[in-house]
Structures are given as structure tokens and as C-alpha cells.
Number of protein chains: 2
Amino acid sequence: MRDWDPAPPATPSPRASPRRSSHSIDVVLFTPRGRQLAVLCVRAADPRAREHWQLPSDRTEGDESLESAARRVVRAASGLDPAWIEQVGAFADGLAHPAGAELSVAFVAVIPSSADERAAGEHAWFSVSEPPLLPARHRAMLEAGVGALRTRVDYAPIAFHLLPPQFTLSELQRMYELLLGRRLHKASFRRALAAARLVEATEEWRSEGRGRPAQFYRFAPRTRSGARRAARAVRFDLL
Amino acid sequence: MRDWDPAPPATPSPRASPRRSSHSIDVVLFTPRGRQLAVLCVRAADPRAREHWQLPSDRTEGDESLESAARRVVRAASGLDPAWIEQVGAFADGLAHPAGAELSVAFVAVIPSSADERAAGEHAWFSVSEPPLLPARHRAMLEAGVGALRTRVDYAPIAFHLLPPQFTLSELQRMYELLLGRRLHKASFRRALAAARLVEATEEWRSEGRGRPAQFYRFAPRTRSGARRAARAVRFDLL
DNA sequence: TCAATAGTGTCTGTTAGACATTATGGA
DNA sequence: TCCATAATGTCTAACAGACACTATTGA
């Protein structure tokens with residue numbers, strides 16, 4: 001990954017009305033693009049650095065919560081509410097931040113892919129495998145954001161919220177593969193999905209395409225009443 | 001869990017020399033005590049609230065990193081370097097903080113149990129299952145800290161760093177059980193441990209005790225050259 | 001008929017937990 | 001002798017991945 005540290009961090013522009021905090025809220029915003037994850041970047045304001053990019057960012061205003069601010073950043077940058085959002089952590093440690101914030105709180109969020117990607121002008125989506133030149137602190141956040149997303153996929157219905165209300169099992173599997181960055185075994189995927197009782201079949205079938213039609217499913221998690229989930233065995237996943 | 005919100009947050013006392021940040025560094029510090037985890041709390045300064053407690057906390061100084069500051073907080077509160085430490089996240093969101101910090105960065109850390117627990121006076125260890133009256137933000141941190149510790153036990157040698165250089169397998173298992181807060185199956189624990197090649201037997205045996213003597217082991221992880229770790233299957237652990 | 005995709009059945013190796021058994025010391 | 005703890009062997013159920021096979025559409 002290439003890197004870029006802005007020479008003198010710009011002083012935050014003074015604003016008028018509501019009290020603005022001294023820390024920034026930065027969002028690693030992902031969307032599915034093809035078979036890969038794409039991350040949203042905004043062009044650096046500095047005209048000397050037209051090939052330098054940043055993550056969307058702002059400050060909290062008034063007594064707004066951290067997550068509210070992060071949702072606002074997502075809406076401002078993409079026009080959409082996040083399908084899922086979660087805090088990654090606080091970043092400081094001498095890694096330069098473009099807006100000069102002493103400390104930044106990073107969030108990771110996802111939105112479904114949309115035709116209106118606002119990719120014109122100052123916003124652009126980059127493949128996570130080939131990110132653009134970013135400030136040091138944003139590089140760290142991107143890496144942590146991918147990791148946080150992938151560890152959360154098993155515990156939050158992120159893939160389901162990225163799909164339309166009806167989807168085929170192949171579409172669901174492709175979404176999981178895209179989020180996790182690796183291929184999954186078809187039979188195992190469907191076995192585990194059936195055991196988890198998370199989806200139910202609809203009466204509709206996909207009409208298009210040239211293979212066998214696929215049945216549509218919808219996300220309909222069964223609240224497993226009483227059935228205690230078995231505790232997992234210890235793993236020794238050091239090194 | 002009981003709660004306590006300090007009525008008017010005390011204004012941070014002005015200090016002289018190094019630049020102090022506007023955010024606090026708070027540490028959820030655990031130690032093994034008996035078969036349970038204990039968390040270190042300090043007595044609230046306010047004399048009206050002698051039964052109110054807080055988590056150890058400070059501000060970063062100069063250009064000190066977040067983790068350096070957290071390690072300093074651990075040393076100041078316990079006299080020991082943490083055996084393991086990791087950031088939990090940023091907390092704000094209107095939950096009152098005792099030192100009036102707008103934003104707090106929480107860390108979770110562990111130290112081995114020691115005779116000198118500094119438990120006299122203003123410091124005390126509390127069982128995690130029966131924590132004292134804490135400010136709202138510290139209650140949230142304690143809950144998140146326990147969760148973060150338990151999810152990290154499988155991926156970092158936390159248990160090993162809490163034990164002396166030589167330990168029996170039963171001691172190791174009891175440490176894992178204490179950290180995870182649940183019982184483990186003995187045969188499965190040893191099978192998985194042997195497969196992970198993390199420990200090696202010494203020639204020494206425990207002399208005390210009234211049962212069969214146990215062999216001592218030491219932490220000696222074999223760097224698994226080449227042996228690619230199998231990717232885990234997807235879990236559908238929602239709800 | 002062929003290519004492409006959907007969906008399923010069977011087999012096998014691995015693993016986790018239950019259970020039982022042996023081993024070895026102290027009271 | 002009895003008890004407590006250590007250590008290990010065997011069995012079974014669950015599971016994950018490999019593989020092959022059937023099913024159904026459009027070109």
C-alpha cells in the first residue's frame with residue numbers, strides 16, 4: 001500500500017454555530033462492486049495534491065453521539081443511510097490526520113451498491129485491494145476497517161442488509177464471499193444456513209438468466225426459543 | 001448492575017507542564033482472583049461519595065501514544081506492567097465521565113495476581129460479577145472490556161502471560177476458564193493444546209498437593225512453518 | 001445438444017464432548 | 001484403604017469439505 005503524509009496538517013476551519021469537538025469522526029465506507037469490496041474516498045482539498053485522497057470525515061456537533069455523527073458522514077458522502085455501521089476504535093499515535101484532528105474515531109459502514117454512486121467529482125470508489133494514496137491515519141483505519149468488517153460478518157446480518165428483500169441463495173453466498181474476501185463451499189454454506197433457520201423460501205423464482213431458475217428467499221430469522229447455543233470450544237489461534 | 005452518574009462533572013484540574021489532551025484514557029484492568037476475574041477500581045475523589053468508584057484514568061501527555069498512556073495508567077494504579085493490553089474503543093454518547101472528559105478511549109489490560117495488590121486505601125479489586133457503583137461511562141467500558149477480553153483469549157497468549165514460566169496443564173486450563181467465565185472439557189482442552197504445539201513439557205513435576213503430581217510445561221510456541229491454517233467455515237451466529 | 005446455473009446426496013476425515021479407565025501421590 | 005488429582009483411551013455425534021450427480025433453463 002502506498003502512503004502519503006500531508007506535510008503541515010491544515011488547521012481546522014473555524015465554524016460559526018454549534019460546538020464542534022476536537023476529535024474527528026472518520027468512516028471507512030464499503031459497498032459491493034463486482035466481486036470485490038470498494039471503499040469510498042474523497043479527494044484532498046489541497047489543489048497541489050490532486051492524486052491524494054482521504055476517507056470521509058467530520059466532527060461531532062453539539063451533544064450528538066459518535067455513531068450519529070458517523071451516520072451523518074455516511075449520508076453526506078453517499079446519500080444513503082448505512083445498512084450497517086460499527087465503531088472500529090480511536091486512532092492517534094502520531095499518524096497524521098488530514099484535518100489536523102488530535103484524535104480520530106473510526107467507524108466502518110456498508111451501503112448496498114447503487115446506480116447513483118455519486119462517483120462524479122470529488123468522491124470515488126476504490127477497490128480495497130488497490131486503495132489510493134491516503135494519509136497515514138486513514139491507511140491504518142482502512143486496514144482495521146476491513147478486519148473489523150470480516151470478523152463481524154458471522155455475527156451481524158450484514159450480508160442480508162446489503163441484498164434486496166428477496167434474493168437467491170447464490171446471491172447470498174456471493175455477498176458473503178465478497179465480504180469475507182474468499183470463496184465458500186456451496187453445500188456447506190447451504191447446510192449451515194438451513195441449520196441456522198435464517199431464511200425462508202418464497203414462491204417466486206428468478207425468471208432471467210440462462211441456467212436453471214433459482215428460488216427466491218427472504219431474510220426471516222427464527223428466534224430460537226430456548227434452544228441454547230452450544231459454547232464453542234477454545235481455539236489456540238496464536239501466531 | 002447498579003449505576004451512578006456524578007451530578008456535575010468536575011472540571012479537569014489545570015496542570016502546569018506538558019500539553020494534556022481533552023480526551024481521557026481509561027483502563028479496565030483485570031487480574032485473576034480465585035476462580036474469577038477481578039477488576040481494579042479507584043475510590044471517587046468526591047468525599048460525599050465514599051461508596052462510589054471509578055476506573056483508573058488519565059490524559060495523554062505531550063505526543064504520547066494512546067497505548068503508552070494506558071500502560072502508564074496501569075503502572076500507576078497497580079505498580080506492574082500489563083501482561084496484555086488492547087484498545088476497546090472510544091466512549092462518549094452522553095454517558096457521564098467522572099473527570100468530565102468529552103470523550104474517553106477505553107483499554108482492557110490484565111496483570112498476574114500478586115501479593116502486593118495495592119488494595120489498601122483508594123484502590124480495590126472487585127469481582128466482575130459484582131462490580132461497585134460506577135459512573136455510566138465506566139459501566140459501559142467494563143461490560144465492553146469483559147467482552148473484548150473474552151473474544152481475544154483465543155487469539156493472543158493472554159493466559160500464558162498471566163502464569164509463571166512453568167505451569168501445569170490444569171493451571172493453564174483453570175486460567176482459560178477464569179478468563180472465559182465458563183468450564184472447559186479437559187480432554188478436548190489438552191487435545192487442542194497439543195495440536196497447536198504451543199507448550200513443551202519440562203522435566204519437573206509439581207511436588208506439593210495431595211493428588212498425583214502434575215508435569216510442568218512451558219510456553220514454547222512452534223512457529224508453524226508453511227502449515228497454512230485452514231480457513232474457518234462461515235458461522236451464522238446472528239440473534 | 002450443449003453450456004450454464006441451481007440444487008442435492010453421499011462419502012470421508014476431523015473434531016468436540018461424554019465417559020470410562022489407569023496412574024500416582026497423600027491422609 | 002480411600003480419596004484426590006493427573007493423564008489418557010475409546011466411542012459417538014456433528015460438521016466441513018470433496019465429489020458427483022440430477023434438474024432446468026436459454027442459446
Side-chain angles (χ1 to χ4, degrees), chain A residues 34-35 153-154 159 163-164 166-178 180-218 224 227-238, chain B residues 34-35 153-154 163 166-178 180 182-218 224 227-237:
Chain A
R35 296 249 170 168
V153 164
D154 286 353
L163 289 168
Q166 298 210 132
F167 48 85
T168 70
L169 297 188
S170 294
E171 288 168 348
L172 180 63
Q173 181 176 345
R174 276 193 295 271
M175 187 61 75
Y176 267 93
E177 290 175 337
L178 182 153
L180 293 170
R182 61 188 172 91
R183 298 299 307 273
L184 298 173
H185 188 268
K186 179 164 76 167
S188 298
F189 181 83
R190 293 178 181 217
R191 257 189 317 229
L193 186 63
R197 319 247 313 144
L198 288 176
V199 297
E200 65 184 21
T202 72
E203 295 306 310
E204 297 181 57
W205 298 72
R206 171 203 265 152
S207 48
E208 39 158 346
R210 48 182 158 293
R212 170 175 169 179
Q215 192 165 15
F216 276 114
Y217 287 74
R218 74 169 65 91
R224 305 192 236 191
R228 232 13 43 228
R229 195 187 311 282
R232 277 183 277 317
V234 191
R235 317 193 77 102
F236 297 99
D237 265 347
L238 325 183
Chain B
R35 297 248 170 168
V153 163
D154 286 353
L163 290 167
Q166 297 210 133
F167 48 84
T168 70
L169 297 189
S170 294
E171 289 168 347
L172 181 63
Q173 181 176 344
R174 276 192 294 270
M175 187 61 74
Y176 267 94
E177 290 175 336
L178 183 154
L180 293 170
R182 60 188 173 91
R183 300 297 308 273
L184 298 174
H185 188 268
K186 180 162 79 165
S188 296
F189 181 83
R190 294 178 181 217
R191 258 190 316 231
L193 186 63
R197 319 244 315 140
L198 287 176
V199 297
E200 65 184 20
T202 71
E203 295 307 310
E204 298 182 56
W205 298 71
R206 171 203 267 155
S207 48
E208 39 158 347
R210 46 185 158 291
R212 171 175 169 178
Q215 192 165 15
F216 276 114
Y217 287 75
R218 73 169 65 92
R224 303 192 237 192
R228 226 23 33 230
R229 192 185 315 279
R232 275 183 278 312
V234 192
R235 315 194 74 104
F236 296 99
D237 266 346

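Predicted model, so just to flag it, every value in this text is computed and none were measured. In what follows, chains are A, B, ... by sequence order, proteins preceding strands, each numbered from 1.
- A heavy-atom distance below 4.5 Å is found between the side chains of B:Thr168 and B:Phe216.
- The neighbour count for B:Arg210 CZ, taken as heavy atoms of other residues, nucleotides or ligands under 6.0 Å away, does not exceed 12.
- Among residues two or more places apart in sequence or in another chain, the side-chain contact (heavy atoms from CB on, under 4.5 Å) test is passed with A:Arg190 by A:Leu169, A:Ser170, A:Lys186.
- Nucleic acid contact class of A:Arg206 (heavy atoms, under 4.0 Å, all strands): sugar-phosphate only.
- A residue-by-residue look at B:Leu169 and A:Pro213 shows that B:Leu169 has its nearest nucleotide of DNA chain D further toward the 5' end.
- Using a 4.0 Å heavy-atom criterion, one finds that A:Arg183 contacts no nucleic acid atom at all.
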Can you check side-chain contact (heavy atoms from CB on, under 4.5 Å) on A:Glu177 and A:Gln173, steps first, answer last?
-> CA-CA 6 Å; A:Glu177 290 175 337; A:Gln173 181 176 345; 3.2 Å; yes

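- The residue B:Thr168 sits apart from the nucleic acid: no heavy atom pair falls under 4.0 Å.
- Extent of DNA chain D lying under 4.0 Å from chain B heavy atoms, first and last nucleotide in 5' to 3' order, is D:dA4 to D:dG17.
- B:Glu200 contributes no side-chain N or O that, together with a main-chain N or O of B:Arg218, makes up a donor-acceptor pair within less than 3.5 Å.
- Taking atom CD on A:Glu204 and atom C1' on C:dA6, their separation rounds to 17 Å, with Å as the unit.
- Here the side chains of A:Leu184 and A:Arg182 are in contact, with some heavy-atom distance below 4.5 Å.
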Sugar-phosphate or base contact per nucleotide [nucleotides 15-23 of chain C; S, B, -; heavy atom under 4.0 Å] | -BBB----B

Between B:Leu172 and B:Arg174, does a side-chain contact (heavy atoms from CB on, under 4.5 Å) hold up when you go through it step by step?
-> CA-CA 5 Å; B:Leu172 181 63; B:Arg174 276 192 294 270; over 6 Å; no

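- Counted within 6.0 Å of CZ on B:Arg232, heavy atoms from surrounding residues, nucleotides or ligands total more than 12; the atom is thus considered enclosed.
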